[in-house]
Amino acid sequence: MDLYKLWESKKTMPVVTVEYGSNRVLMVAYMNKEAFAYTLKTRRAYYYSTKNDKVYKFGAEKGNTQRVMSIDVDCNGDALMLCVQQKGHVCHHNGSHRTCFNNTIYKRNAAEYSKRRKFGRVEIDKDFDFSKEDYSEELE
């Protein structure tokens with residue numbers, strides 16, 4: 001893969017960071033060319049802060065690290081996945097969470113699954129606006 005072409009027309013790319021061994025999603029962040037180059041050179045995760053417009057080494061302020069085990073690019077060449085060995089906590093919650101994804105919005109349980117199989121449909125909020133797109137195929 002030509003890494004120059006990968007970054008040719010992009011300022012940043014989203015990065016999905018997963019834990020080595022478990023493949024649990026730890027976080028989603030961004031990289032720019034500089035963060036990508038530092039990551040390749042040091043084999044430690046560097047990211048780009050879109051808020052502060054600067055490159056930072058993951059966990060540098062709190063002593064946490066991400067040792068990079070692999071870097072993959074998606075088929076369109078517009079997103080990266082880092083597989084890392086995590087040392088210390090990931091999230092901004094000072095170690096109270098093992099991943100940044102802790103606020104569940106929806107989780108399908110066994111009762112909903114059996115209901116869908118039995119009746120062929122799941123209950124949907126009556127106020128949901130279907131006029132924008134056709135979701136009928138998803139409900140079959």
Side-chain angles (χ1 to χ4, degrees):
M1 170 167 278
D2 186 343
L3 296 180
Y4 291 106
K5 282 191 174 186
L6 179 67
W7 288 97
E8 191 172 57
S9 62
K10 298 173 198 75
K11 181 180 177 190
T12 63
M13 268 198 271
V15 181
V16 176
T17 304
V18 299
E19 182 178 47
Y20 178 72
S22 72
N23 286 334
R24 176 195 321 240
V25 176
L26 300 174
M27 60 184 278
V28 175
Y30 292 91
M31 276 191 181
N32 64 2
K33 281 189 237 184
E34 184 182 6
F36 184 73
Y38 283 144
T39 299
L40 286 176
K41 183 176 181 179
T42 66
R43 294 181 178 84
R44 298 289 188 252
Y46 282 79
Y47 298 101
Y48 172 74
S49 170
T50 56
K51 181 179 178 181
N52 299 325
D53 191 30
K54 68 178 187 175
V55 172
Y56 65 95
K57 182 179 179 183
F58 177 84
E61 295 175 3
K62 297 185 180 183
N64 305 310
T65 61
Q66 289 180 339
R67 181 177 170 211
V68 177
M69 304 303 287
S70 66
I71 302 173
D72 294 291
V73 63
D74 77 337
C75 58
N76 292 326
D78 58 7
L80 299 168
M81 182 173 70
L82 261 61
C83 185
V84 302
Q85 285 182 324
Q86 179 68 40
K87 180 183 173 197
H89 65 274
V90 177
C91 199
H92 302 97
H93 299 286
N94 295 324
S96 61
H97 301 300
R98 293 179 59 194
T99 173
C100 288
F101 292 92
N102 287 293
N103 298 312
T104 303
I105 293 172
Y106 170 77
K107 186 172 186 175
R108 186 172 172 172
N109 62 34
E112 288 175 347
Y113 180 70
S114 63
K115 185 177 187 180
R116 182 179 178 133
R117 287 182 59 209
K118 184 175 181 183
F119 298 110
R121 299 209 182 262
V122 293
E123 290 184 29
I124 297 173
D125 182 2
K126 294 174 186 168
D127 296 327
F128 189 81
D129 181 9
F130 286 96
S131 63
K132 295 180 182 174
E133 293 188 41
D134 183 11
Y135 295 94
S136 60
E137 289 179 11
E138 294 179 26
L139 298 174
E140 297 302 321

Self-check item: Closest non-hydrogen atom pair, A45 against V68
Solution: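 So the two residues come closest at N-CG2, 3.8 Å.
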
Quiz item: Closest approach of F36 and L80, non-hydrogen atoms and distance?
Solution: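 Distance-wise, the nearest heavy atoms are CD1-CD1, 3.9 Å.
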
Would you kindly confirm whether [X] and [Y] end up in one hydrophobic cluster when ILVMFWY residues are joined by side chain heavy atoms under 4.5 Å apart?
X	Y	result
Y56	V15	yes
M13	I71	yes
V73	L40	yes
M81	V25	yes

Quiz prompt | salt bridge (charged side-chain N to carboxylate O under 4.0 Å, His left out) contacts touching residues 43-59 (sequence neighbours left out) | solution = none

Exercise. Could you pull out all residues at least two apart from F58 that satisfy ring-ring contact (aromatic ring centres under 6.0 Å, His included)?
Key: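 Testing F58 for ring-ring contact (aromatic ring centres under 6.0 Å, His included), a comparison that skips the adjacent residues, returns none.
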
Practice problem: Tell me, please, which residues at least two apart from Y38 pass ring-ring contact (aromatic ring centres under 6.0 Å, His included). | Solution: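 Y38: ring-ring contact (aromatic ring centres under 6.0 Å, His included) contacts with Y46.
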
Quiz item: For A79, which residues count as a side chain to side chain contact (heavy atoms under 4.5 Å, CB included) partner, sequence neighbours excluded?
Solution: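 Partners of A79 by the side chain to side chain contact (heavy atoms under 4.5 Å, CB included) criterion, ordered by chain and then number, come out as P14, D74.
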
Quiz prompt | Listed partners of R24 passing salt bridge (charged side-chain N to carboxylate O under 4.0 Å, His left out), at least two apart | solution =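 Listed in chain order: E19.
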
Quiz item: Which side chain to side chain donor-acceptor pair (under 3.5 Å) pairs, counting each pair once, include a residue from residues 76-88, with sequence neighbours left out?
Solution: Q66-Q86, R67-Q85

Self-check item: side chain to side chain donor-acceptor pair (under 3.5 Å) contacts touching residues 8-17 (sequence neighbours left out)
Solution: T17-Y47

Quiz item: So which residues get pulled into M69's cluster when ILVMFWY side chains under 4.5 Å apart are joined, directly or through others?
Solution: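 Other cluster members: Y20.
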
Practice problem: Calculate, to the nearest 0.5 Å, the distance between atoms CG and CG belonging to L82 and L26 respectively. | Solution: 10.0 Å

Practice problem: Drop me the distance from K33's NZ to L6's CG, to the nearest 0.5 angstrom. | Solution: 10.0 Å

